[in-house]
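To keep things clear, I will list the structure first and then write my remarks on it.
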Amino acid sequence: MRNILFIGRKGCNACEYQRETVIEPLRQKYPDNVSVHYNWDAAIARVNAAKTITRIPLTVVECNGVEEFRYDSALTFEELEGIVNSNASTLTIDEVIG
């Protein structure tokens, strides 16, 4: 299974909407695979060190602790659930959103 890191900011309407409508329901279903980060922490620092975060909300997909891709637009619950459950050895955003 893959992990989803959601990075946003309190007070950001797009961040709040994505978190409430997509990320929180996904996190309730997959609590070990989905995390939300609104304050600077080790996960955000790691993502930022790999490539500077320039836009939020940001969804980062990791497999075995390695970032596969990031997406700064809204993905649906179904797309993210497919990512979490994907057994593909590698996955790209093009494969997710076609």
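Throughout, numbering of the chain's residues begins at 1 and tracks the sequence.
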* List for me each residue that meets side-chain contact (heavy atoms from CB on, under 4.5 Å) alongside Thr76, sequence neighbours excluded, and say none if there are none. => Glu78, Glu79
* May I ask you to list the residues sharing a hydrophobic cluster with Ile56, side-chain cutoff 4.5 Å, ordered by chain and number? => Leu5, Ile7, Trp40, Ile44, Val47, Ile53, Leu58, Val60
* Asked: Do the side chains of Arg2 and Asn33 get nearer than 4.5 Å, heavy atoms only?
  -> no
* To do: Return yes if some donor-acceptor pair links the side-chain N/O of Ser86 with the main-chain N/O of Gly82 below 3.5 Å, else return no.
  => no
* Verify the cluster assignment for Met1 and Phe6: are they in a single hydrophobic cluster under the rule of side-chain heavy atoms below 4.5 Å apart? => yes
* Structure fact -> Residues passing the side-chain contact (heavy atoms from CB on, under 4.5 Å) test with Val22, sequence neighbours excluded, are Gln18, Phe77, Leu80
* **Gap separating the OG atom of Ser35 from the CG atom of Asn3, nearest 0.5 angstrom** => 7.0 Å
* Asked: What pairs with Arg19 under side chain to side chain donor-acceptor pair (under 3.5 Å), at least two apart in sequence or on another chain?
  -> Glu16, Tyr38
Using atom types as modelled, flag every donor-acceptor pair under 3.5 Å from a side chain in residues 23-31 to any protein atom, sequence neighbours excluded.
residue: Glu24; atom: OE1; partner: Arg27; partner atom: NE; Å: 3.4
residue: Glu24; atom: OE1; partner: Arg27; partner atom: NH2; Å: 3.2
residue: Glu24; atom: OE2; partner: Arg27; partner atom: NH2; Å: 2.9
residue: Lys29; atom: NZ; partner: Glu81; partner atom: OE2; Å: 2.6
residue: Tyr30; atom: OH; partner: Glu81; partner atom: OE2; Å: 2.7
residue: Tyr30; atom: OH; partner: Asn85; partner atom: ND2; Å: 3.0

* Do you know which two heavy atoms are closest between Pro57 and Ala14, and how far apart they sit? -> CD-CB, 3.9 Å
* Do any pairs count as a salt bridge (charged side-chain N to carboxylate O under 4.0 Å, His left out) and have a residue in residues 4-14, sequence neighbours left out, and if so which ones? -> none
* To do: Determine which pairs satisfy salt bridge (charged side-chain N to carboxylate O under 4.0 Å, His left out) with at least one residue from residues 34-63, sequence neighbours left out, and list them in order.
  => Arg46-Glu62, Arg55-Asp72
* Asked: Looking at side-chain heavy atoms only, is the closest gap between Phe69 and Ile83 below 4.5 Å?
  -> yes
* Structure fact -> By side-chain contact (heavy atoms from CB on, under 4.5 Å), Ser89 pairs with (sequence neighbours left out) none
